[in-house]
Protein chains: 2
Amino acid sequence: MATIRDVAKRAGVSVATVSRVLNQNGYVNEETEKRVRQAMEELNYKPNEVARALFKKTSKTVGLIVPDITNPFFPELVRAVEDVMNIYDYTVILCNSDEKAEKEREYIEVLKQKYVDGVILTTNQFAPEEVEEWDVPIVVLDRPLHERYPSVVADNYEGARLATRHLYEVGCRRIAHIQGPTHVVNAIERFRGYQDEMKALGLGDRQLVIQGNYQLKQAKEAVMAALADHEIDGIFAGNDVMAVGALKAVQQCGLRVPEDIAIIGYDGIPLTEMTTPELSTVSQPIYEMGAMAARILIKQIEGKPLEKFHYQLPVQLIVRQSTSRRRST
Amino acid sequence: MATIRDVAKRAGVSVATVSRVLNQNGYVNEETEKRVRQAMEELNYKPNEVARALFKKTSKTVGLIVPDITNPFFPELVRAVEDVMNIYDYTVILCNSDEKAEKEREYIEVLKQKYVDGVILTTNQFAPEEVEEWDVPIVVLDRPLHERYPSVVADNYEGARLATRHLYEVGCRRIAHIQGPTHVVNAIERFRGYQDEMKALGLGDRQLVIQGNYQLKQAKEAVMAALADHEIDGIFAGNDVMAVGALKAVQQCGLRVPEDIAIIGYDGIPLTEMTTPELSTVSQPIYEMGAMAARILIKQIEGKPLEKFHYQLPVQLIVRQSTSRRRST
DNA sequence: ATACTATGTGTAACCGGTTACACATATACA
DNA sequence: TGTATATGTGTAACCGGTTACACATAGTAT
């Protein structure tokens with residue numbers, strides 16, 4: 001690999017001049033520049049990013065910490081971040097935290113040592129106190145971690161009310177909610193939305209909450225158990241994966257969806273179009289959330305002002321077969 | 001951030017000594033080491049990976065190029081790579097190539113400039129000639145790119161024969177194959193397996209190949225069209241996503257799976273357990289493939305010898321509801 | 001004519017590590 | 001006693017960029 005000194009020698013100039021044409025700053029004579037570019041061409045010179053990073057304390061690299069890329073909610077989010085970062089010539093280091101604070105801390109440490117320019121955190125576990133002392137720009141995705149850090153979230157509360165109301169409108173009166181992990185903020189928000197909407201609908205005393213932990217299997221088993229003990233005609237699952245679990249449980253009990261029990265999920269991942277019947281869901285603008293987080297991080301890195309600090313994106317009710325039935329009592 | 005010179009000053013030694021305790025090489029007196037460690041502790045010193053990378057020309061970072069993380073085959077693969085790399089203190093830069101040779105080349109260029117220690121390529125597009133001149137260790141995943149590069153693949157040909165034979169054994173005689181993109185090697189291999197097995201079963205003249213391009217929608221539409229023109233009682237889809245497309249098409253035509261048409265997919269992604277009926281599939285050891293590629297890459301990086309250069313992992317037939325029917329003619 | 005500014009280029013220090021080499025001392029062996 | 005070897009530590013060059021500063025020249029305003 002040719003270095004900047006090789007180029008300088010070949011072009012008959014000093015390294016400073018080469019650096020100047022490289023970075024398009026300082027004065028360089030047109031003729032000189034041409035010679036330098038020629039030399040770079042001939043040597044197939046590519047500046048060494050590591051050397052540059054060492055001096056500039058910036059690496060054109062960002063960290064992206066997600067709980068688990070295997071969770072179908074995240075691939076699209078990750079893809080969005082990567083796409084946007086790519087446009088701005090940043091590179092993305094992917095980290096799976098499994099929601100473990102310990103792993104997150106370790107990753108942050110490593111990322112700092114590598115001079116990443118910023119970090120996007122998609123997590124529900126991190127203690128704000130820890131964050132305090134980080135000097136790296138951070139954007140929080142899918143959770144409002146702390147006032148001081150910019151965040152991008154969807155309107156979980158409103159989405160949950162939307163889903164619950166939708167079930168009511170297609171005739172459900174005994175609506176159960178499959179809840180996500182109680183330590184995850186968005187799960188709590190969705191749960192609150194369900195509660196409040198149920199009260200608003202006059203069904204406050206008919207609430208039924210099933211614990212599903214955002215997992216298919218757990219949701220399925222919990223729904224099976226619930227179906228044995230309770231009368232249920234509608235299920236609002238805290239995410240789409242659990243909605244699939246519910247769907248399987250209902251079908252396995254010999255009941256029909258949506259005729260006997262209507263089901264609606266949350267997130268709007270592609271999976272919802274692959275089931276039979278296709279699942280209604282509250283769709284989050286996943287790609288848009290990732291892309292926005294990436295753009296905000298870049299602004300932070302480049303020291304540009306943010307118009308807003310906390311972005312809450314709207315969600316959208318998507319009605320499919322799993323809740324399509326005649327309105328009835 | 002404290003530097004090695006700060007530590008040296010505080011411990012009353014030279015930077016060389018600090019470096020020695022850091023890297024556990026050279027001679028260092030026990031007492032001295034203790035003082036140095038104390039100083040590191042007090043200053044909360046963490047060595048700067050970038051500076052180290054610059055000198056050592058190695059960065060404890062690897063690149064992972066996949067076509068599209070959004071394709072449900074890849075998250076598990078990526079996760080496996082990340083897990084193994086994490087154990088060995090490597091960090092993973094994720095790149096989505098969309099199977100475009102141009103994007104791959106650009107990424108490789110950037111990765112080299114960042115001194116990545118190696119690259120895992122999951123691609124079907126790259127021209128071997130380009131690869132020739134790379135000095136970075138490379139492992140090829142999911143495709144035997146070139147003799148000179150280690151590779152990890154699953155046995156696509158045998159898997160396809162397995163799937164086809166399985167359909168025959170549950171009574172199918174008019175077995176169609178939904179094919180993946182013809183420029184993708186594993187799609188071709190699966191197609192060949194289908195062809196050969198059909199011939200072996202004496203059904204050589206009953207072959208029906210449907211183009212699905214590894215996409216759900218395309219597969220669905222192509223199957224709808226095929227059902228109108230042909231008699232079909234079994235479908236072997238080149239991947240699971242297309243199998244879902246086939247399932248939807250069949251159901252939409254008012255036919256039953258598996259009674260009227262049995263369906264089997266390929267890959268063994270979690271999605272296959274989420275449909276109704278659950279999909280039979282030929283399961284690739286996805287996680288194991290990713291983990292193995294990662295381990296091989298590390299060996300390459302560390303200059304250790306490989307016992308084998310090309311690994312072909314076995315696949316496994318997984319029978320679920322979509323092919324579970326009485327054996328019949 | 002003088003002073004100031006814009007243009008153009010080179011030297012060398014710097015970023016924060018690693019390590020070759022020099023040097024010193026202690027121990028072992030002939 | 002002299003020499004070889006193991007132990008222990010420091011100095012300074014080096015990795016490949018960036019940039020402060022010095023210096024030179026040309027143009028322009030006063």
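Every chain is numbered from 1, with letters handed out A, B, ... down the list of sequences. Keep in mind that what you see is a predicted model, and the values were worked out from it rather than measured.
Judged by distance alone with a 3.5 Å cut-off, no donor-acceptor contact links the side chain of B:R20 to the base of D:dG8. Side-chain atoms of B:R52 stay outside donor-acceptor range of the base of C:dG16, with no qualifying N/O pair under 3.5 Å.
Taken to the nearest 0.5 Å, the NZ atom of A:K103 stands 5.5 Å off from the CG atom of B:N86. One distance of note links OH of B:Y45 with CG of B:L22; it measures 5.0 Å at 0.5 Å rounding. Here the straight-line distance linking atom CE of B:M1 with atom CG of B:L43 works out to 12.0 Å at 0.5 Å rounding.
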For this session: Starting from the C-alpha separation in whole Å, work towards a yes-or-no answer on side-chain contact (heavy atoms from CB on, under 4.5 Å) for B:Y107 and B:V119.
Result: CA-CA 10 Å; B:Y107 271 124; B:V119 174; over 6 Å; no

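Atom CG of B:N48 and atom C1' of C:dG16 are 6 Å apart (whole Å). Nucleotide C:dT19 holds its P atom 6 Å from the CG atom of B:N25, rounded to whole Å. Separating the CZ atom of A:R35 from the C1' atom of C:dT9 is a distance of 11 Å, rounded to the nearest angstrom. A straight line from CG of B:L22 to P of C:dT19 spans 11 Å, rounded to a whole angstrom. Distance, B:K34 NZ to D:dT9 P: 14 Å, rounded to whole Å. Atoms CD1 (B:I4) and C1' (C:dC15) sit 13 Å apart, rounded to a whole Å. Computed from coordinates, the A:R5 CZ to C:dT11 P distance equals 12 Å when rounded to whole Å. Between the CD atom of A:Q113 and the C1' atom of C:dG16 there is a distance of 13 Å, given to the nearest Å.
Nearest-nucleotide assignment on DNA chain D puts the 5′-proximal partner with B:E30, out of B:E30 and B:L54.
OP1 or OP2 of D:dT18 lies within a sub-4.0 Å distance of a side-chain N or O belonging to A:N23. A close approach under 4.0 Å does occur between a side-chain nitrogen or oxygen of A:Y45 and OP1 or OP2 of D:dG17. Contact check, A:N29 against C:dT7: no side-chain N or O comes under 4.0 Å of OP1 or OP2. OP1 or OP2 of C:dC15 has not a single side-chain nitrogen or oxygen of B:T3 nearer than 4.0 Å. Using a 4.0 Å cut-off, some side-chain N or O of A:K57 falls inside it from OP1 or OP2 of C:dG16. At least one side-chain nitrogen or oxygen of B:S19 sits closer than 4.0 Å to the OP1 or OP2 atom of C:dT18. Neither OP1 nor OP2 of D:dG8 sits under 4.0 Å from any side-chain N or O of B:Y27. Look at A:T17 and you won't find any side-chain N or O under 4.0 angstrom from OP1 or OP2 of C:dT9.
Considering only the side chain of B:P47, C:dG17 comes nearest among D:dG17, D:dT11, C:dG17. Closest to the side chain of A:T32, out of C:dG8, C:dG16, C:dT19, is C:dG8.
Heavy atoms of other residues, nucleotides or ligands lying less than 6.0 angstrom from CZ of B:F309 number more than 12.
Within 4.0 Å (heavy atoms only), A:V13 reaches sugar-phosphate atoms of the nucleic acid but no base atom.
Under the salt bridge (charged side-chain N to carboxylate O under 4.0 Å, His left out) rule, B:R295 has a single partner from B:E288, B:E307, B:E302, which is B:E288.
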